[in-house]
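In the text below, chain A, chain B and the rest are named by the order of the sequence lines, each starting its count at 1.
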There are 2 protein chains.
Amino acid sequence: MTDTPQAAAVPWTHDFGADPALPDAVNLSPMKSDLPSATVERLPRYLRCIERLPESQLTISSRELARLSNLTAAGVRRDISYLGTFGIRGVGYQVTELNDQIRHALGLTADRPVAVVGIGNLGSALANYTGFGNRGFRIVGLYDAAPTKIGTYLGGVEVRDISRLPDDARTTHISVGIIATPAGAAQQVATMLVEAGVRSILNFAPTVLRVPDDIHLRQVDLATELQILGYYMT
Amino acid sequence: MTDTPQAAAVPWTHDFGADPALPDAVNLSPMKSDLPSATVERLPRYLRCIERLPESQLTISSRELARLSNLTAAGVRRDISYLGTFGIRGVGYQVTELNDQIRHALGLTADRPVAVVGIGNLGSALANYTGFGNRGFRIVGLYDAAPTKIGTYLGGVEVRDISRLPDDARTTHISVGIIATPAGAAQQVATMLVEAGVRSILNFAPTVLRVPDDIHLRQVDLATELQILGYYMT
DNA sequence: TAGATTGTTAATCGATTAACAATC
DNA sequence: TAGATTGTTAATCGATTAACAATC
C-alpha cells in the first residue's frame, strides 16, 4: 500500500467526517495560487520595513529593502516581481506604490472581522493589540467561559460567554477565529468555530489541532519556537 | 555591481559594527548543521503529538504520526530517519524511543535559562506558561521598566528593573531573551540583550529587529500571521 | 552619457514525494 | 508465511541565487 493518511482510532482525535486526502504542512490549500507561499510569508515583513521608512524617503531599492528585512536583494526583487512590474530601473521602487501593491496582494483592503476566544493574559494582549486597524483586521468579538470575565470590556469590546459564539456568528460574520485558551480547551473551541462557519483559525494554544482540510489553520507556539531556537544554540 | 547587502544610512537602523554578509531569512546560522531546517521545524510538532498518545500505546507508525500531525507518512519517515534508524519494520516506532530521540536531537535535555523582557499582558502570559519545565527551558528573569510592576512576582519569579539585566546576566547565564515589549522599545531591548551576552532572541514585538549575524533571532508576529492567513482567504 | 538598479533567465540548491526492496 | 511498515533511492517539485541585458 502507498502512503496515504486515513482515519484511525485515537482517543483525542476529533473526527470531521471523511477527512480525505493529505493536507499540506500548514493546512493552507492555496485557493488563490498566485504567489509562491514563501513570498506570501515574506510580504508582511516588507510591509513592516516600509512602514518604518521616514516620510522623506520616496523610493527604496531592492538592496536597501533586503538589508532592512534581513533578506537578499535578488530575493526581494523576485518577490516584488510577482506583484507586477512597477520598479524603476536605476532608481528602485516608489515607496507608496510598493506599499499599495503589497497591501493589495495580501488583500489588506478587505475588512476582516476577528473573534478572540480565551481572554486570559494572552487573549487580553491580543484584544489590546493596536496593529489591527489599518491592516484590514478588526476585533468584533471576545469570548470566554469564566463568569468573572464575561461582561467586562477590552478595547471597547465586551467579553461574551463562549456559548454565544454560534449565534453571534450567525448575525456577524467572523473571518478569523483566534484561539487563546488553555491547551485543553483548544480542540473544542476549534470545532465550535468551524461549526459556526469560521474558515480561518489562528491557534495560540500549545496543542496540535485537527480541523477539516478546507479550513485555514496557522499555529503560533512558544514551546515550538523555543525548541527550534534551542536546536541552533551552541 | 552584484547583489550584496552592505551598510547604508537609515534613521531607525541600529548599527552593529561591520554587519558583513547576508544573514538568512530567520537569521539562524546553522552552527549545528546536522538536520535540514525544515525537519528541525517539524520535530516539535511530532513531540506534541507523541506526548498526547495514551500511555497504552507503545508504538506508532509513520502513517499514524502523519495523520496526527497533518503531514505525510513519507515526510515523517524521512524526518525521523535523520535521527537514526530505530524504527521496526512492519511495526513502527517505539513511542518512548521516538520521544527520546527527538528530544535529544532538539537538545531538550539541556537547561536553558530564559529571561522575559516586558511584563504586560503578553509577558505575563509567557511568564505563566507552564510548558517550559520538562522542555529544557526555565524562566530565570522577568524585566520591565514600569515602577508599578517592579517587585511583583509572577510564577515565583520577581519582576526586576530592566536596568538590572546587564548585571544579572553577568551572574546568571541567560540562554534566551524573550522580547514582549511594545514595538517602540524592542530594538533597544534587543541591543541590550545582545550586549549582555544573550545569543538567542525570541521577539514578540511587532517590529523587525536588527541584530548581529551570529545572534539567533526568531520573530513571532500576530499581524504577520493574520496577513498570511488573510491572503489565503476566499 | 555614466552609474545604478530592475526584471528575468538559467543554474543551483534544498525539500518533498513516490515507490519499493528490505525486513519485522 | 502473509501482511505491514521502515529506510532509502530516484524523481519531482519549488525556492533561492547569480548574473546580466534592459533601461531609467
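Rounded to an integer number of Å, the gap from A:Glu97 CD to C:dT6 C1' is 14 Å. In this structure, CG of B:Asp79 is placed 17 Å from P of C:dG14, rounded to the nearest angstrom. Going from atom CG of A:Leu71 over to atom P of D:dT16 covers 9 Å, rounded to whole Å. At whole-Å resolution of the value, CD in B:Gln101 and P in D:dT6 are 15 Å apart. Rounded to whole Å, the distance from CG on B:Leu35 to C1' on C:dG14 is 14 Å. Atom CG of A:Leu65 is separated from atom P of C:dT5 by 13 Å (rounded to the nearest Å). The CG-P distance, from B:Leu83 to D:dT6, rounds to 14 Å in whole Å. Straight-line distance from the CD1 atom of A:Ile88 to the C1' atom of C:dG3: 16 Å, rounded to whole Å.
Side chain of A:Gln187 to main chain of A:Arg210: a donor-acceptor pair is present (N/O by atom type, distance under 3.5 Å, no hydrogens or angles).
C:dT17 is paired with D:dA10 under the Watson-Crick or G-U wobble criterion, all donor-acceptor distances under 3.5 Å. Pairing for D:dT23 is with C:dA4, a Watson-Crick or G-U wobble pair whose two hydrogen-bonding atom distances lie under 3.5 Å.
For the pair B:Ser61 and B:Arg78, nearest-nucleotide mapping onto DNA chain D gives the more 5' position to B:Ser61.
Across all non-hydrogen atoms, the minimal contact from B:Ser62 to B:Arg77 is OG-NH1, 3.0 Å.
When each of B:Leu58, B:Ile80, B:Thr59 is paired with B:Tyr93, the side chain to side chain contact (heavy atoms under 4.5 Å, CB included) condition holds for B:Ile80 and for no other.
Residue B:Arg89 places no side-chain atom within donor-acceptor reach of the base of C:dT23, judged by atom type and a 3.5 Å distance cut-off alone.
At the phosphate of D:dT5, neither OP1 nor OP2 sits under 4.0 Å from any side-chain N or O atom of B:Ser62. OP1 or OP2 of C:dT6 has at least one side-chain nitrogen or oxygen of A:Arg77 nearer than 4.0 Å. The phosphate of C:dG14 (OP1 or OP2) has no side-chain N or O of B:Tyr82 nearer than 4.0 angstrom. Under 4.0 angstrom from either OP1 or OP2 of C:dA15 there lies at least one side-chain N or O belonging to B:Ser37.
Residues B:Tyr82 and B:Val40 fail the side-chain proximity criterion, which asks for heavy atoms closer than 4.5 Å.
Atom CD of B:Glu51 is surrounded by more than 12 heavy atoms from other residues, nucleotides or ligands within 6.0 Å.
For A:Tyr93, the side-chain atoms get nearest to C:dT6 when compared with the rest of C:dA15, C:dT6, D:dT8.
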